[in-house]
Amino acid sequence: MKIIDAHLHFSKFDGFDERAREAGHINSAEHLLAEFDRLGIEAAVAMGAGRGGSPEGECLPMTVNLAGPFDPVRYGQPRRIAYCAGVESDVLNKANQKRSVALFEERLRDPHCVGIKMYPGYNRRYLNDPLHYPLYELAEHYDVPVAIHTGDTATANALVKYSHPLTVDEVAVNFPRVRFVMAHYGNPWVIDATEVAAKNPNVFIDLSGLAVGNFDPEWFWNDYSGYLQHLKTWMNYLSDYGKFMYGTDWPLVNLEAYLTVLRRLVPEKAHNLVFRENALRIYSKLNALLA
Ligand SMILES: [Zn+2]
């Protein structure tokens, strides 16, 4: 089975080189693609990260820039690396909203741009802020999902009240034709995330970032058995493996170790869905890229 990694980062942002080394990797396109070939990973969705402000004051879509210098037409990414345009929504305001949304629309015309990514905890702005609504309307129009960083944040100055999975419920209800993806399963609020996904037919979960760094999978499986059992319990409670997508959060975690643990966590009968088919259905623009 060819695997799709529905959540990684393809960027030089924020100490990612160092984090890649800690995870036993090199933060480069060449290294990543070689690892993909070795592990049977066909394609990935990279979450745009970086700085979303511009000197003109717009909220610029954050894209992926590991493969080369900034290029406004093509970002130089390999064909099998799609991306979500990241929103740095603390830059978004009434004055620049229209122009900013136009820039996101321009990105969504790119076949590689398969979704929009929100960072509410880092940007300290709730998902239901009306400033975001035109972006959700764009997602609906272009039939792409809105991925959301939910749960714990990597930096102490972010505020987790904004990234709590319960905040997804209201936008999911208000935009029933938009697919929302709760990245990282809302961890550690896994029960809350389960409820939001169970209740709303348009809410999905990516399983990225549930472990970081480099580790022996056998050690992790034993040392974190309570945590993994908890995840398993609530995944089974949701009892719909059409809701979950495999993702890693590379370069923050070792790809092989993570894959080994997740293969064991997800019931074998659901592997096709979780490791591949759900991503093709939810990030549906991937189909054209891989055709
Ligand atoms: Zn991430």
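Ligands are counted one by one from 1 in listed order, and the atoms in each one are counted from 1 as well. It should be emphasised that the depicted structure is a prediction, and the values quoted were computed from it without experimental measurement. Keep in mind that the numbers below use all heavy atoms, side chains included, and drop hydrogens, waters and symmetry copies.
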> N/O/S atom of H149 under 2.8 Å from the Zn ion (ligand 1), yes or no?
Replying inline: no
>> Salt bridge check, D37 against R80: does any charged N sit closer than 4.0 Å to a carboxylate O?
In response: yes
> In D249, the N, O or S atom nearest to the Zn ion (ligand 1) is which?
Replying inline: OD1
> Is the W250 ring parallel, tilted or perpendicular to the H25 ring (thresholds 30°, 60°)?
Replying inline: perpendicular
> Backbone or side chain, does H184 get an N/O/S atom under 2.8 Å to the Zn ion (ligand 1)?
Replying inline: no
>> Centroid separation under 6.0 Å, is that true for the rings of Y224 and W219?
In response: yes
>> Test side-chain hydrogen bond (donor to acceptor under 3.5 Å, both in side chains) on Y283 and N278; report intermediate values, then the result.
In response: CA-CA 8 Å; Y283 289 104; N278 293 337; over 6 Å; no
